[in-house]
Amino acid sequence: MPELPEVETSRRLLDPFVVGRTVVSVEVNRGRVLRRQERDADFAGRLTGRRVRGTRRLGKHLMIDLDDDLTWVIHLGMSGRLAIAADGAEPPPHTHVQIRLDDDTEIWFTDPRTFGYTVAYTPEEFDRSPTSRLGSDALTDLPDATRLASLLERRTAPIKALLLDQSLIAGIGNIYADEALHGAAIDPFRQGGTLESGELDRLVTAISVTLDMALASGGTSLDDLAYLLPDGRTGDYLERLQVYGREGEPCLRCGAPVRRSVIRGRSTFWCSECQS
DNA sequence: ACCTCCCTGGCC
DNA sequence: GGCCAGGGAGGT
């Protein structure tokens, strides 16, 4: 599932293909992916003829800045993928949007489970969009231990659930939340507001190290290969995962079997021996 | 601050 | 043939 490292990897690969280029055509095969678009706003019309000024990312939201202060946002959801079309190739199943640029590059947005979406915002629309309500970016603006302490103050929810709250810190998803908590040796069920300063230090460091390493690996392509880089390569962080998806296997730090629990409806993999 | 729901491929 | 995963918006 595309989390921050996967979205950032996709952004970096796409950036040189799109910056400075002008959109010449937009084909939408499935309207559901435009459900965030306000009524009467013409997604294809807003993109067509507009030049790409640059790309940005906040949390898991990819933002493409267009002429006339329009912001084209792409969220990959659970199973979304961006791809640069190879010459003459047919798009894979569930390709919902096809964008052609003025040098004939074609970008595909593919998403079997359709939790992802794309939308073109005016500045006013952007200001009331979900993208504008995100917390600080986990990669480029990760809170230090002091700031994290104030974010978690008096919070009674499990720390795992709070790490997934995109309005606190943006970009951490289910895989990297588990990996960071394991790296910091913190029990995922601990109430957020009870973390002590040494634990907060370890957590901030673990989030940072986990995301940096995942990014350096090009993200995590799970066995289902739902996530691939835009050029078709796999992200290789799977082989470095410490706990995610390893229920019953030995903890790589202490040897105890990795456990699976459910927190807020999400699978949580952790070691009850060394995360306590 | 919590629960429900959206959607589909893959697995039992 | 039925169930499950899972990000996050929206409702209560």
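Here is how names work: the chains are called A, B, and so on, in the same order as the sequence lines, proteins then strands, and each is numbered from 1.
- A salt bridge is defined here as a Lys NZ or Arg NE, NH1 or NH2 lying under 4.0 Å from an Asp or Glu carboxylate O, and A:Arg128 with A:Glu38 meets this definition.
- With sequence neighbours left out, A:Tyr117 forms a ring-ring contact (aromatic ring centres under 6.0 Å, His included) with A:His75.
- With rounding to whole Å, A:Leu34 atom CG is found 14 Å from B:dC7 atom P.
- In summary, the side chains of A:Asp111 and A:Thr114 do not present any donor paired with an acceptor at a separation below 3.5 Å, with no hydrogens or angles considered.
- Under the 4.0 Å criterion applied to side-chain N and carboxylate O atoms, A:Arg46 and A:Asp67 are not assigned as salt-bridge partners.
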Contacts table for residues 247-254 of chain A: side-chain donor-acceptor under 3.5 angstrom, sequence neighbours left out:
residue	atom	partner	partner atom	Å
A:Glu249	OE1	A:Arg246	NE	3.3
A:Arg253	NH1	A:His182	O	2.9
A:Arg253	NH2	A:His182	O	2.7

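- Remark: DNA chain B forms stems of 3 or more consecutive Watson-Crick or G-U wobble pairs, all pair distances under 3.5 Å, at B:1-12 with C:1-12.
- The distance from atom CG of A:Leu152 to atom P of B:dA1 is 12 Å, rounded to the nearest whole Å.
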Item to check | Base versus backbone protein contacts along nucleotides 5-12 of chain C [heavy-atom cut-off under 4.0 Å; B, S, -] | outcome: BBBBSS--
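- Qualifying side-chain contact (heavy atoms from CB on, under 4.5 Å) partners for A:Arg21, counting only residues two or more places apart in sequence or in other chains: A:Leu101, A:Asp102, A:Asp103.
- Applying the ring-ring contact (aromatic ring centres under 6.0 Å, His included) rule to pairs touching residues 252-272 of chain A yields A:Phe189-A:Trp270, A:Tyr244-A:Phe269, sequence neighbours excluded.
- Under the side chain to side chain contact (heavy atoms under 4.5 Å, CB included) rule, A:Leu200 has a single partner from A:Asp144, A:Leu151, A:Leu152, A:Thr146, which is A:Leu152.
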